[in-house]
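Report on the structure given below.
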There are 2 protein chains.
Amino acid sequence: MTPAPAPDRRYKGSTADERRARRREQFIMAAVEVYGERGYRQATVKSVCDAAGLTERYFYESFPNSEALLIASFRAVTDHLFEGVARAGAASDHADGYERVRAMLTAYYEGLKRSPAPARVFLVEISGVSAEMDRELQNSLRDLGVLIEQTLYPGKAAERPSDELLMMGIVGGIIHIALQWIGQGYVRPVSEVAATALRLCRVLEHEPRLRIA
Amino acid sequence: MTPAPAPDRRYKGSTADERRARRREQFIMAAVEVYGERGYRQATVKSVCDAAGLTERYFYESFPNSEALLIASFRAVTDHLFEGVARAGAASDHADGYERVRAMLTAYYEGLKRSPAPARVFLVEISGVSAEMDRELQNSLRDLGVLIEQTLYPGKAAERPSDELLMMGIVGGIIHIALQWIGQGYVRPVSEVAATALRLCRVLEHEPRLRIA
DNA sequence: TCAAAGTGACATTGTTTCTTGTCAACTTGT
DNA sequence: ACAAGTTGACAAGAAACAATGTCACTTTGA
């Protein structure tokens with residue numbers, strides 16, 4: 001009988017689980033960087049590994065394939081961004097709905113500006129990479145829409161926006177405003193960008209004018 | 001001296017130029033189909049050739065590489081779509097600005113519905129494929145924005161919209177409305193989709209509310 | 001009918017990337 | 001110090017695909 005191997009031996013101060021988790025984090029951070037610099041399509045597994053200071057062996061220990069890393073990176077970036085948005089919304093609950101949305105949009109665009117590298121990639125470039133990635137993206141857009149609607153109309157606490165078509169239009173507009181802003185090098189101040197996006201949100205105010213048919 | 005080869009010999013009733021042009025068209029039509037079915041990323045040169053009923057040899061006679069075909073396909077789809085939009089705008093010049101825009105949006109969404117395959121691909125999936133492709137996409141969005149603004153405010157005939165940030169937001173919204181609509185299988189009637197998009201366009205009506213700072 | 005132009009099926013080359021494997025060097029607990 | 005666990009550098013197989021080339025067959029004009 002060979003003695004059972006030590007199941008949880010420490011290495012450089014950490015257990016196996018801790019080291020695995022840290023490597024996973026390293027890959028995600030490196031991926032955000034590399035995707036931002038070269039775009040997801042041009043980013044190879046090796047380039048991410050190099051940026052992470054790890055080798056391919058650990059990559060395939062951490063993720064089944066490169067798409068899984070993309071999804072994990074997207075989640076990380078989106079969660080971080082939404083955290084800031086939610087915090088801004090919570091911090092401004094003394095103001096009326098639209099001022100709260102303005103604060104949230106400001107936090108959103110500031111978050112994008114703070115980390116320019118991943119912004120473009122995770123806003124649009126990943127569309128069509130895979131069905132699962134598309135679903136992730138759609139979910140994050142829906143979440144943003146729900147957040148905005150609930151801030152404006154706290155009464156109804158719904159899972160989905162009341163007019164999904166319109167809400168997706170608004171959220172899509174918010175994103176394209178960001179893209180235009182980023183593409184021109186962040187020249188306009190954040191306050192102006194947020195104000196522009198807020199104008200889009202104001203369409204939620206009015207019922208659609210009835211068409212005289 | 002060898003006799004000069006016949007420079008413009010006919011084959012199956014067409015000259016060399018005509019045949020080349022027809023093959024090019026075949027590739028473009030096939031590409032729109034294949035991109036729509038499998039997505040651009042998953043579409044190989046061979047798959048497009050098979051769909052076109054031609055071989056790789058003619059592909060590389062017609063296009064320097066597969067990105068060139070993508071751009072040509074995008075132009076074809078976009079031109080066709082915009083033609084319908086412009087026609088709808090011209091046909092309704094008796095109505096007021098917003099009704100004309102409604103007619104144009106209706107034509108836009110009807111065009112997307114008429115050919116579902118390419119719609120999704122050419123709306124967003126191609127983002128980030130290459131710098132040149134991105135420029136094409138940006139240009140088409142700007143053109144749509146200019147067209148809308150000029151319909152609403154025929155006075156100023158400008159190359160670029162007066163508030164590019166807002167205009168990109170509106171156009172981005174129009175596109176995301178289409179994406180949501182398509183993603184749900186075109187269940188809502190075109191009139192409703194166009195009406196929703198028109199609500200977005202109405203933000204151009206109002207000056208932004210001044211912020212009390 | 002014949003030679004040359006044109007065509008289509010298929011082969012080939014070269015590159016790139018994913019993915020797994022090998023092995024020497026390093027770290028740890030004893 | 002030592003054996004086992006751990007790591008990083010690198011090799012290498014496998015697959016996919018772009019891009020070019022080959023060749024037999026068809027069509028054309030004379």
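Below, read A as the first sequence line, B as the second, and so on, with proteins coming before strands; counting in each chain starts at 1. Since the model is a prediction, treat every value here as computed from it, not as a measurement.
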Please write out the pairs of protein N or O atoms and N or O atoms of nucleotides 24-29 of chain D separated by less than 3.5 Å, giving the distance to one decimal.
residue: D:dT26; atom: O2; partner: B:Y11; partner atom: OH; Å: 3.3
residue: D:dT27; atom: O4'; partner: B:Y11; partner atom: OH; Å: 2.9
residue: D:dT27; atom: O2; partner: B:R9; partner atom: NH2; Å: 2.9
residue: D:dT28; atom: OP1; partner: B:K12; partner atom: N; Å: 2.9
residue: D:dT28; atom: O4'; partner: B:R9; partner atom: NH2; Å: 3.2
residue: D:dT28; atom: O3'; partner: B:R10; partner atom: O; Å: 3.2
residue: D:dT28; atom: O2; partner: B:R9; partner atom: NH2; Å: 3.0

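In this structure, B:R41 atom CZ and D:dC17 atom P are separated by 15 Å, rounded to whole Å. For the pair B:L69 CG and D:dA18 P, the interatomic distance rounds to 11 Å; values are reported in whole Å. The CZ atom of A:R22 sits 11 Å away from the P atom of D:dG8 (whole-angstrom rounding). As a whole-Å value, the separation of B:N65 CG from C:dT16 P is 16 Å. The nearest whole Å value for the distance from the CD atom in B:Q26 to the P atom in C:dG8 is 9 Å.
Here the rule is side chain to side chain contact (heavy atoms under 4.5 Å, CB included) with B:L141, and of B:I174, B:V146, B:V171, B:T78 only B:V171 fits it. Between A:Y35 and the options A:F27, A:F74, A:Y40, a ring-ring contact (aromatic ring centres under 6.0 Å, His included) holds for only A:Y40.
For B:R20, the salt bridge (charged side-chain N to carboxylate O under 4.0 Å, His left out) criterion is met by B:D17, not counting sequence neighbours.
A donor-acceptor pair under 3.5 Å links the side-chain atoms of A:E149 to the main chain of A:S162, judged by distance alone. Of the possible donor and acceptor atoms, one in the side chain of A:R41 sits under 3.5 Å from a partner among the backbone N and O of A:E125. For the pair B:Q26 (side chain) and B:A52 (backbone), a donor-acceptor distance under 3.5 Å is present.
Listed in residue order, the members of residues 44-64 of chain A having a heavy atom less than 4.0 Å from DNA chain D are A:L54, A:T55, A:R57, A:Y58.
Among the heavy atoms of the strands lying under 4.0 Å from B:R23 are primed sugar atoms or P, OP1, OP2 only; no base atom is included.
Residues A:T106 and A:A194 share a closest heavy-atom pair of OG1-CB, 3.5 Å. Of all heavy-atom pairs spanning A:V121 and A:G39, the tightest one is CG2-CA, 4.5 Å.
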